[in-house]
Amino acid sequence: KNGGDDLDKRKEFEDLLNNVKALERPVFYKVNNKTDGEDILQAVYLAAFSKFDTLSNKDKFKPWIIAIAGNKINDFYRGKAKELELPLDE
């Protein structure tokens, strides 16, 4: 029923995302591992697309998605810290 709306949303999102090419460099720089960086970028794109309707001012897309990327990088390192805290089986 709203397939056209979804297509429009996706097209608008992709157009805005194409203007934020600078997103990959800081993610790979902070993570320093290509595979982890790609996983984080995928999580950023998924989170941003799922919350895209909540962004009322599309002019704010770039700082908005960069903030999401920062949060995902923090989540990644929080997860790594938890892995290191796990007690070893004796």
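Worth saying up front: this structure is predicted, and the values here are computed from it rather than measured.
- By the side-chain contact (heavy atoms from CB on, under 4.5 Å) test, Arg78 pairs with Asn74, Asp75, sequence neighbours left out.
- Scanning for salt bridge (Lys or Arg N to Asp or Glu O under 4.0 Å) contacts around Glu24 gives an empty result, with sequence neighbours left out.
- By the salt bridge (Lys or Arg N to Asp or Glu O under 4.0 Å) test, Lys9 pairs with Asp53, sequence neighbours left out.
- To the nearest 0.5 angstrom, Asn33 atom CG is 6.5 Å from Phe76 atom CZ.
- Between Lys30 and Ile73, the shortest heavy-atom distance links the atoms CB-CD1, 4.1 Å.
- Asp15 meets the salt bridge (Lys or Arg N to Asp or Glu O under 4.0 Å) test with Lys11; sequence neighbours excluded.
- Minimum interatomic distance between Leu55 and Lys58 (heavy atoms only, all atoms of both residues): O-NZ, 2.6 Å.
- Here Ala67 pairs with nothing under the side-chain contact (heavy atoms from CB on, under 4.5 Å) rule; sequence neighbours left out.
- Pairs engaging residues 59-74 under the salt bridge (charged side-chain N to carboxylate O under 4.0 Å, His left out) rule: none recorded [sequence neighbours left out].
- Phe13 meets the ring-ring contact (aromatic ring centres under 6.0 Å, His included) test with Phe49, Phe52, Phe61; sequence neighbours excluded.
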Only distances under 3.5 Å count here; give the side-chain donor-acceptor pairs of residues 38-47 to other protein atoms, sequence neighbours excluded, each with its distance to 0.1 Å.
from  : atom 1 : to    : atom 2 : distance (Å)
Glu38 : OE2    : Lys34 : NZ     : 2.6

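- Shown here are the side-chain contact (heavy atoms from CB on, under 4.5 Å) partners of Asn32, two or more places apart in sequence or in another chain: there are none.
- Note that CG of Leu17 and CG of Leu23 are 7.0 Å apart. Values are rounded to the nearest 0.5 Å.
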